[in-house]
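This report refers to the structure that appears directly beneath it.
Because only heavy atoms are used, hydrogens play no part in the values below, and waters and symmetry mates are left out as well, while side chains stay in.
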Amino acid sequence: MPELTELVREFARARDWERFHTPKNLAMALAGEVGELLAELQWLTPEQSAAVMSDPELGPRVRAEIGDVTIYLVRLADVLGIDLVEAAADKLADSGRRYTVEAARGSAAKIAD
């Protein structure tokens with residue numbers, strides 16, 4: 001992850017885009033890219049969406065959109081000084097406490113805080 005963060009940071013720096021990369025702008029760009037990813041999957045059946053990467057036309061588009069989402073998320077975390085791996089691990093630990101195996105196994109129900 002540090003290598004990717006540095007690549008994205010250098011990409012922005014070389015283009016003098018740092019001044020545009022405010023947390024608000026990056027979050028909005030991230031949301032836009034997630035929307036583009038959703039658009040690629042929108043009308044697929046569950047089975048089609050599970051097999052999307054084997055589609056020679058759609059698979060590369062989904063991969064590219066996931067790349068865009070990743071880039072904006074990495075850049076947003078970098079600008080905010082958040083370690084993505086640490087944040088995800090912390091959130092997973094918190095979710096593990098809220099959604100114990102015994103209480104959540106086989107259920108998609110949301111557990112109230």
Side-chain angles (χ1 to χ4, degrees):
M1 191 60 69
E3 295 85 8
L4 179 58
T5 299
E6 187 58 33
L7 282 172
V8 174
R9 185 185 300 141
E10 284 303 316
F11 188 90
R13 185 177 294 142
R15 288 156 181 80
D16 193 26
W17 287 351
E18 293 166 310
R19 59 190 157 145
F20 306 117
H21 286 187
T22 65
K24 177 196 73 78
N25 288 351
L26 290 166
M28 290 175 68
L30 175 60
E33 293 300 337
V34 169
E36 290 180 21
L37 174 60
L38 288 171
E40 294 294 347
L41 301 169
Q42 185 172 9
W43 301 112
L44 301 181
T45 66
E47 295 77 20
Q48 288 170 323
S49 69
V52 73
M53 295 313 295
S54 62
D55 183 307
E57 203 172 299
L58 192 53
R61 294 198 319 250
V62 167
R63 185 179 188 276
E65 294 305 337
I66 288 176
D68 285 339
V69 168
T70 302
I71 288 166
Y72 278 113
L73 181 60
V74 165
R75 185 71 179 131
L76 177 59
D78 186 34
V79 166
L80 291 174
I82 295 170
D83 180 309
L84 271 177
V85 173
E86 183 180 303
D90 289 349
K91 183 62 181 178
L92 192 57
D94 181 57
S95 293
R97 286 186 290 277
R98 291 183 54 224
Y99 298 93
T100 63
V101 172
E102 299 77 22
R105 185 171 182 86
S107 172
K110 181 91 171 156
I111 297 174
D113 286 329

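Checked against salt bridge (charged side-chain N to carboxylate O under 4.0 Å, His left out), Glu10 has the following partners two or more places apart in sequence or in another chain: Arg13. Partners of Arg63 according to the salt bridge (charged side-chain N to carboxylate O under 4.0 Å, His left out) rule, which considers only residues two or more places apart in sequence or in another chain, do not exist here.
Closest approach of Pro60 and Asp55 over heavy atoms only: CD-O, 3.7 Å. Contact record, His21 with Ala12: CE1-CB, 3.6 Å, taken as the closest heavy-atom pair. Shown here for Leu80 and Pro23, the closest heavy-atom pair between the two residues is CD2-CG, 3.5 Å.
To the nearest 0.5 Å, atom OG of residue Ser49 and atom CG of residue Leu58 are 10.0 Å apart. A distance of 10.5 Å separates CD in Glu40 from CD1 in Ile66, rounded to the nearest 0.5 Å. The OG1 atom of Thr5 sits 6.5 Å away from the CE atom of Met1 when rounded to the nearest 0.5 Å. Note that CG of Leu84 is 7.5 Å distant from CD1 of Ile82, once rounded to the nearest 0.5 Å. For the atom pair CG of Asp78 and CG of Leu73, the computed distance is 11.0 Å after rounding to the nearest 0.5 Å. One distance of note links CE of Met28 with CG of Leu30; it measures 11.5 Å at 0.5 Å rounding.
Between Ile71 and Leu4 there is no side-chain heavy-atom pair separated by less than 4.5 Å. For the pair Glu6 and Arg9, the minimum side-chain heavy-atom distance is below 4.5 Å. Residues Leu41 and Leu44 have side chains in contact (heavy-atom distance under 4.5 Å, counting atoms from C-beta outward). Proximity of Arg105 to Tyr99: side-chain heavy atoms (C-beta onward) are nowhere separated by under 4.5 Å.
For the pair Glu65 and Arg61, the salt-bridge criterion is not met [side-chain N within less than 4.0 Å of a carboxylate O].
For the pairing with Tyr72, the side-chain contact (heavy atoms from CB on, under 4.5 Å) check across Asn25, Leu26, Val8, Val34 returns one residue only, Leu26.
With hydrogens and angles disregarded, a donor-acceptor distance shorter than 3.5 Å links the side chain of Gln48 to the backbone of Thr45. Side-chain N or O atoms of Ser107 include none that pairs as donor or acceptor with a backbone N or O of Ala104 at under 3.5 Å.
When hydrophobic clusters are built by joining Ile, Leu, Val, Met, Phe, Trp and Tyr residues whose side-chain heavy atoms come closer than 4.5 Å, directly or via intermediates, Val85 is not grouped with Leu92.
Chaining together hydrophobic side chains whose heavy atoms lie under 4.5 Å apart places Phe20 alongside Phe11, Trp17.
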